[in-house]
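The block underneath contains the structure these notes are about, expressed in structure tokens.
All of these numbers come straight from a predicted model, not from anything done at the bench. Every chain is numbered from 1 and lettered A, B, ... according to where its sequence line falls, protein lines coming before strand lines. Heavy-atom basis, side chains included; hydrogens, waters and symmetry copies ignored.
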Number of protein chains: 2
Amino acid sequence: MIRITKQTDYGIVLLTHLAGAPERHVNAPELAGETHLPLPMVSKILKILVREGLLASHRGVKGGYSLSRPPGAISMAEVVTALEGPIAITECIDDNGGCEHSTACAVRGRWHRINTALREALAGISLAEMTDAPRPEPKLVTLGGRPALAITA
Amino acid sequence: MIRITKQTDYGIVLLTHLAGAPERHVNAPELAGETHLPLPMVSKILKILVREGLLASHRGVKGGYSLSRPPGAISMAEVVTALEGPIAITECIDDNGGCEHSTACAVRGRWHRINTALREALAGISLAEMTDAPRPEPKLVTLGGRPALAITA
DNA sequence: AGTATACAGGACTGACACGGTCCTGATTCC
DNA sequence: GGAATCAGGACCGTGTCAGTCCTGTATACT
Ligand code: FES
Ligand code: FES
């Protein structure tokens with residue numbers, strides 16, 4: 001199914017929620033309550049996001065978390081990378097020789113086209129864009145038509 | 001890591017291999033040998049691809065598999081869909097109400113932007129493009145630059 | 001100073017999907 | 001008729017993921 005993990009899913013929900021009211025310190029239980037996500041999971045994810053530099057934390061009483069940067073300056077690619085590691089749909093990251101089949105593989109090196117396509121897709125969406133909900137969903141289902149994507153390489 | 005399953009990985013290798021010499025009937029053991037993949041897995045995957053209409057099979061002695069269409073007319077999106085089901089990076093396919101958190105979820109409906117971006121990326125690459133290796137890899141690593149992807153909706 | 005609050009960083013566990021194997025039919029060519 | 005080959009399952013071990021919990025450390029308030 002090419003799924004992201006629930007960690008990442010939750011992480012994005014949390015970040016999106018925080019993006020709605022930046023400059024506000026929120027603690028873990030509060031955040032869990034507002035997003036209806038299990039507290040331990042929320043806590044775990046927040047710690048990761050702090051370590052990866054996407055969130056700033058403040059300890060002690062009245063402590064909490066807040067975005068380390070404005071929502072517009074955080075891309076989905078960063079978020080996913082922080083929570084899942086390098087963005088690559090296949091085993092063979094890049095065109096290095098880390099793959100066991102490398103010598104005999106027909107698609108060797110071809111894959112990163114798809115990988116970069118995905119990377120760029122994620123890099124093109126900022127956290128802010130996940131929050132603002134002005135447009136009323138202009139019927140965007142267009143699968144099957146000519147792809148609007150120009151893969152440079 | 002946002003990985004595709006090995007099934008799909010193998011499947012693409014197999015299809016790519018077949019695309020190299022279309023109009024040729026190849027049987028499973030032969031194909032497994034040429035791609036250096038485990039035979040039972042190859043067999044399993046080939047069956048799926050036949051059922052999904054991407055391959056044509058021919059039984060009996062001198063039987064085998066061949067592409068059902070020219071390589072240029074098969075997109076990666078089809079292949080992945082055949083082997084993994086609907087292409088969606090998240091649980092909540094489309095904007096239906098199939099999600100448990102739907103009512104309280106901040107990113108509700110936002111996700112399919114990313115989903116469609118991925119879909120279009122995969123739809124834009126044909127099987128033929130995975131095979132022909134004329135260009136010598138024009139240094140395509142450009143992550144970090146302005147995304148070249150225009151998400152229409 | 002002392003205490004309550006909240007983050008930091010792990011270790012730990014059950015459930016489940018995935019990778020891989022194998023067996024029993026159906027179909028075609030020689 | 002017999003051999004080769006595909007068709008369609010059932011089956012199982014393993015690894016990863018979702019989720020929990022425990023111990024330590026830093027901060028604010030009294
Ligand atoms: S499977 Fe790794 S190089 Fe092809
Ligand atoms: S998690 Fe399903 S709608 Fe948001």
Terminal axes of the helix from C:dA1-D:dT30 to C:dC30-D:dG1 (five pairs each): angle between them, nearest 10 degrees: 20°

What nucleotide among C:dT28, C:dT21, C:dC18 has an atom nearest to a side-chain atom of B:Val61? C:dT28

Identify, with sequence neighbours excluded, every residue that meets side chain to side chain donor-acceptor pair (under 3.5 Å) alongside A:Thr8. A:Thr5, A:Glu84

Over how many whole Å does the gap from A:Met41 atom CE to C:dC12 atom C1' extend? 14 Å

Heavy-atom nearest pair, B:Leu122 first then B:Met76, reads O-CB, 3.2 Å

Please report the C-alpha distance between A:Glu78 and A:Arg119 in whole Å, then the side-chain angles of each, then the deciding distance to 0.1 Å, and finally whether the salt bridge (Lys or Arg N to Asp or Glu O under 4.0 Å) criterion is met. CA-CA 10 Å; A:Glu78 284 182 273; A:Arg119 263 191 278 259; over 6 Å; no

Minimum heavy-atom distance between A:Ile87 and A:Ala77, given as atom pair plus value: CD1-O, 3.7 Å

Where along residues 25-32 of chain B does a heavy atom come under 4.0 Å from DNA chain C, residue by residue in number order? none

Give the nucleotide from the list D:dA28, C:dT21, D:dT20 with an atom nearest to the side chain of A:His58. D:dA28

Atom CG of B:Leu39 and atom C1' of C:dG19 are separated, to the nearest Å, by 15 Å

Could you check B:Val79, B:Thr35, B:Asp9 and say which one makes a side-chain contact (heavy atoms from CB on, under 4.5 Å) with B:Leu14? B:Thr35

Have a look at A:Pro38 and say if it touches a base, only the backbone sugar-phosphate, or nothing, with a 4.0 Å heavy-atom cut-off. sugar-phosphate

Listed once per pair and sorted, the salt bridge (Lys or Arg N to Asp or Glu O under 4.0 Å) pairs that draw on residues 40-49 of chain A, sequence neighbours left out: none

Here the residues of residues 43-54 of chain A within 4.0 Å heavy-atom distance, strictly under, of DNA chain D are A:Lys44

Starting from P on C:dC18, measure out to CG on B:Leu83 and report it in whole angstrom. 12 Å

What's the CD-P distance between B:Glu84 and C:dA17, to the nearest Å? 14 Å

N or O in side chain of B:Tyr65 less than 4.0 angstrom from D:dA7 OP1/OP2: yes

Decide yes or no, distance alone: a donor-acceptor N/O pair under 3.5 angstrom between the base of C:dT5 and the side-chain of A:Arg59. no

How long is the gap from CD1 on A:Ile125 to CG on A:Leu127, to the nearest 0.5 Å? 11.0 Å

Using a cut-off of less than 4.0 Å, is there contact between a side-chain N or O of A:Tyr10 and OP1 or OP2 of D:dA18? no

What I want to find out is whether B:Glu30 reaches B:Lys62 closely enough, with some N-O distance under 4.0 Å, to be called a salt bridge. no

Find the distance A:Arg3:CZ to D:dT16:C1' and express it as a whole number of Å. 15 Å

Please name the pair of heavy atoms, one in B:Gly72 and one in B:Ser126, separated by the smallest distance, quoted to 0.1 Å. O-CB, 3.7 Å

Please give, in whole Å, the distance from D:dG13 C1' to B:Lys6 NZ? 15 Å

Donor-acceptor contact below 3.5 Å, side chain B:Ser43 vs main chain B:Leu39: no

Nearest nucleotide by nearest heavy atom, which residue falls closer to the 5' end of DNA chain D, A:Lys62 or A:Gln7? A:Gln7

A:Arg59: which residues meet the side chain to side chain donor-acceptor pair (under 3.5 Å) condition with it, sequence neighbours left out? none

Donor-acceptor pair, B:Ser68 side chain versus B:Gly53 backbone, under 3.5 Å? yes

